[in-house]
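For reference, the structure is listed below as structure tokens.
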Amino acid sequence: MKKILPFIFFGSTNFSIYVLKEILKKYKPLLVVTLPAKRKERGLKLKPNEVYNFALKEKLPVIELKEWEDFKKEINLVKPLMGLIAGFGKIIPKEIIELFPKGILNIHPSLLPKYRGPSPIQQTILNGEKYSGITIILIDELVDHGPIIAQEAIELKGNEDYLKLEEILGKLGGFKFNQIIEDYLEGKIEPTKQDHSKATYTKKINFEDGYLNINDDYEIWQRKIRALNPEPGTYIYINLKGEKKLLKIFKIEKIDEKLIDEKTKKLNIGEFFKFKNYLAIKIKDAFVLILELQLQDRKKMNSKEFLNGYPLETFSINPY
RNA sequence: CGCGGGGUGGUGGAGUAGGACCACGCGGGUCUCAUAAGCCCGAGACGCCGGUGCAAAUCCGGCCCCCGCAA
């Protein structure tokens with residue numbers, strides 16, 4: 001039987017859902033708080049909020065946070081002992097934190113103090129880290145800065161993509177929370193200060209970060225592709241019938257040089273060629289087989305299909 | 001009403017008024033010791049509704065769907 005823990009859960013991303021799902025195996029929150037559905041994407045349509053829908057499906061009380069003032073009233077009604085944030089996306093003001101007797105915990109998908117900020121998962125992959133993990137902290141007024149309650153590391157295989165790592169860390173975060181929360185509430189865990197001198201920060205990922213440069217190493221390409229899909233995507237530019245077009249790249253493989261014929265070996269960086277009917281390109285230190293791609297305005301497809309419609313001689317690299 | 005691109009045989013594309021074309025795939029045949037090879041033959045398509053025209057994939061209006069960017 002699920003135990004009701006007197007806490008409020010704050011979350012608004014897929015990471016939040018993974019965490020919450022795991023917690024629900026053992027506990028139920030008093031309330032789920034998420035950010036209001038925003039008008040976004042093509043046509044600025046109202047995009048349904050995943051966490052909100054998830055909470056409804058699980059029959060959990062859920063509200064959308066609009067004004068902090070209104071939220072204060074909600075707190076007075078619910079009377080939570082503590083809060084838990086996992087992928088919320090909004091900074092909680094000090095005066096709100098103070099309304100929770102046991103404070104607000106945050107499950108952050110990195111080994112703090114490394115990778116504070118908005119894109120810890122992406123940065124972990126981009127930097128080719130061997131380890132990742134989650135940290136549960138007690139929040140203070142600064143972002144990802146509060147003392148550590150618990151931490152759990154995992155070893156990375158080196159082939160995780162963003163979605164996979166988000167899932168792994170989300171589940172791990174929820175699991176760890178379940179393990180320690182009763183001890184925490186009973187005062188058996190003493191929070192330890194982060195070593196702020198070792199802190200590193202991540203920034204918001206933007207579209208430009210997904211650009212794949214033909215003068216970069218294969219390793220960089222492959223990390224970017226794993227870290228930055230599906231959002232914001234990784235891409236190169238090509239000239240197609242006299243026009244510059246965006247070409248998104250979703251899946252690549254390094255071609256074993258032993259399988260490359262003499263003629264292909266002489267290609268310059270940035271030249272395309274055909275390998276086993278798939279599209280391939282020479283970059284700085286490798287011959288790269290492009291498996292899945294998407295031309296601007298068209299659907300995602302494999303490069304065999306792409307070459308049916310756009311033979312090799314109809315396009316070339318546009319190096320920015 | 002954020003900006004923009006697009007819906008053509010099974011797949012990817014070309015085609016802005018008058019014989020619907022190309023590549024891959026598929027079926028049949030043929031060549032080969034053999035082949036995801038080559039050659040020959042073949043089936044198969046213009047998102048939906050309406051309008052203008054002698055004539056519409058192509059022009060006009062409405063609808064549906066897909067996609068890139070931006071936020």
Side-chain angles (χ1 to χ4, degrees), chain A residues 11-16 34-53 64-67 87-91 117-119 122 161-163 202-214 221 224-253 255-256 258-264 271-281 287-320:
Chain A
S12 41
T13 63
N14 283 323
F15 178 73
S16 321
T34 185
L35 294 179
K38 274 187 280 190
R39 293 196 175 274
K40 42 163 80 173
E41 298 189 344
R42 212 177 297 131
L44 297 183
K45 286 189 288 267
L46 209 59
K47 203 191 171 195
N49 182 314
E50 314 278 329
V51 173
Y52 194 86
N53 290 339
E64 296 184 323
L65 175 76
K66 291 183 177 106
E67 298 293 331
F88 188 50
K90 197 161 180 149
I91 296 167
S119 58
Q122 292 93 327
D161 61 22
Y162 174 78
L163 294 176
T202 62
K203 61 175 185 66
K204 240 179 130 174
I205 300 286
N206 57 40
F207 185 68
E208 285 68 39
D209 294 321
Y211 179 69
L212 299 170
N213 192 316
I214 52 174
W221 276 49
K224 278 192 179 178
I225 289 170
R226 284 188 290 120
L228 306 180
N229 281 304
E231 294 296 330
T234 42
Y235 57 92
I236 57 177
Y237 287 104
I238 57 171
N239 291 320
L240 181 66
K241 295 172 201 158
E243 283 185 81
K244 179 178 174 182
K245 296 271 191 185
L246 182 76
L247 186 72
K248 285 202 166 190
I249 294 180
F250 293 98
K251 199 173 169 197
I252 61 171
E253 251 173 44
I255 304 173
D256 187 337
K258 283 186 283 235
L259 302 175
I260 292 180
D261 60 56
E262 289 308 314
K263 200 176 138 216
T264 307
E271 285 193 88
F272 289 105
F273 61 100
K274 207 171 177 176
F275 189 82
K276 296 196 171 173
N277 290 327
Y278 284 90
L279 179 63
I281 185 172
F287 295 89
V288 180
L289 187 62
I290 298 173
L291 294 166
E292 270 176 56
L293 52 70
Q294 179 177 25
L295 183 63
Q296 172 186 332
D297 306 332
R298 319 236 70 144
K299 289 184 186 169
K300 187 172 169 177
M301 65 186 84
N302 71 49
S303 72
K304 235 179 189 170
E305 295 170 326
F306 175 79
L307 287 173
N308 279 342
Y310 301 101
L312 224 41
E313 56 278 11
T314 59
F315 63 93
S316 63
I317 191 81
N318 180 327
Y320 228 8

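- Taking atom CD on A/Glu243 and atom P on B/rG13, their separation rounds to 15 Å, with Å as the unit.
- A/Asn302 places its CG atom 14 Å from the C1' atom of B/rA23, with the value rounded to the nearest Å.
- To the nearest whole angstrom, the two P atoms, one in B/rA71 and one in B/rG19, are 48 Å apart.
- Neither OP1 nor OP2 of B/rG2 sits under 4.0 Å from any side-chain N or O of A/Arg42.
- Classification of B/rG13 as anti follows from a glycosidic angle more than 90° from 0.
- Set against B/rC69, B/rG68, B/rG13, the side chain of A/Lys241 has B/rG13 as its closest nucleotide.
- Look at the C1' atom in both B/rA14 and B/rA20: the space between them is 11 Å, to the nearest Å.
- Distance, A/Leu312 CG to B/rG12 C1': 15 Å, rounded to whole Å.
- For A/Tyr310 and B/rC24, the OH to P distance is 17 Å, given to the nearest whole Å.
- Ranked by how close their nearest RNA chain B nucleotide is to the 5' end, A/Gly233 and A/Phe306 are led by A/Phe306.
- A/Arg298 has a side-chain polar atom (N or O) that falls below the 4.0 Å cut-off from OP1 or OP2 of B/rG13.
- Of the nucleotides present, B/rG18 is the one that pairs with B/rC54 by Watson-Crick or G-U wobble criteria, both distances under 3.5 Å.
- Residues A/Ala280 and A/Ile255 approach most closely at CB-CD1, 4.0 Å, considering heavy atoms.
- Straight-line distance between the C1' atoms of B/rA34 and B/rG25: roughly 23 Å, to the nearest whole Å.
- Taking a pair to require two hydrogen-bonding distances under 3.5 Å in either a Watson-Crick or a G-U wobble arrangement, B/rG2 pairs with B/rC69.
- Annotation for A/Leu228 and A/Asp209: closest pair CD1-O, 3.2 Å, computed over non-hydrogen atoms.
- Between B/rG4, B/rA70, B/rC66, one nucleotide has an atom nearer to the side chain of A/Lys299 than all others, and that is B/rC66.
- One can place NZ of A/Lys276 at 19 Å from P of B/rC24, the figure rounded to the nearest angstrom.
- Considering all non-hydrogen atoms of both residues, A/Thr314 and A/Leu240 come closest at O-CD1, 3.6 Å.
- Distances from the side chain of A/Gln294 to the nucleotides B/rA14, B/rA70, B/rC67 place B/rC67 closest.
- On the P atoms, B/rA57 is 27 Å away from B/rC24, given to the nearest whole Å.
- When distances are taken from the side chain of A/Phe207 to each of B/rG12, B/rG68, B/rC69, the shortest belongs to B/rC69.
- Here A/Leu246 lies in heavy-atom contact (under 4.0 Å) with sugar-phosphate atoms only.
- The listed nucleotides are B/rU11, B/rG68, B/rA14; the one nearest the side chain of A/Asn308 is B/rU11.
- Look at A/Lys245 and you won't find any side-chain N or O under 4.0 angstrom from OP1 or OP2 of B/rG5.
- B/rA56 and B/rA23 have their P atoms separated by 29 Å, given to the nearest Å.
- Across B/rA17 and B/rU58, the matching P atoms stand 11 Å from one another, rounded to whole Å.
- Judged purely by distance below 3.5 Å, without hydrogens or angles, the side chains of A/Asn229 and A/Thr234 pair a donor atom with an acceptor atom.
- Using a 4.0 Å heavy-atom cutoff across all strands shown, A/Lys248 reaches sugar-phosphate atoms only and no base atom.
- With P as the reference atom, B/rU11 and B/rC46 are 13 Å apart, rounded to whole Å.
- Residue pairs satisfying the salt bridge (Lys or Arg N to Asp or Glu O under 4.0 Å) criterion with at least one member in residues 290-307 of chain A, sequence neighbours excluded, are listed as follows: A/Glu292-A/Lys300.
- In this structure, the NZ atom of A/Lys204 is 9 Å from the P atom of B/rA71, given to the nearest Å.
- For A/Glu305, the side-chain atoms get nearest to B/rG12 when compared with the rest of B/rG12, B/rC67, B/rA70.
- Atom P of B/rC48 sits at a distance of 13 Å from the matching atom of B/rG10, rounded to the whole Å.
- B/rG61 is paired with B/rC49 under the criterion used here, namely a Watson-Crick or G-U wobble arrangement in which both key atom distances are under 3.5 Å.
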List, one per line, each side-chain donor-acceptor pair under 3.5 Å for residues 243-250 of chain A, sequence neighbours excluded.
residue, atom, partner, partner atom, Å
A/Lys248, NZ, A/Pro232, O, 3.4

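- We find that NZ of A/Lys304 is positioned 9 Å from C1' of B/rC24, with the value rounded to whole Å.
- For the residue pair A/Leu35 and A/Gly89, the shortest heavy atom distance occurs at CD1-O, 4.2 Å.
- Whole-Å rounding puts the A/Leu295 CG to B/rA14 C1' distance at 15 Å.
- Base pairing analysis places B/rG25 opposite nothing; no Watson-Crick or G-U wobble pair with both distances below 3.5 Å involves it.
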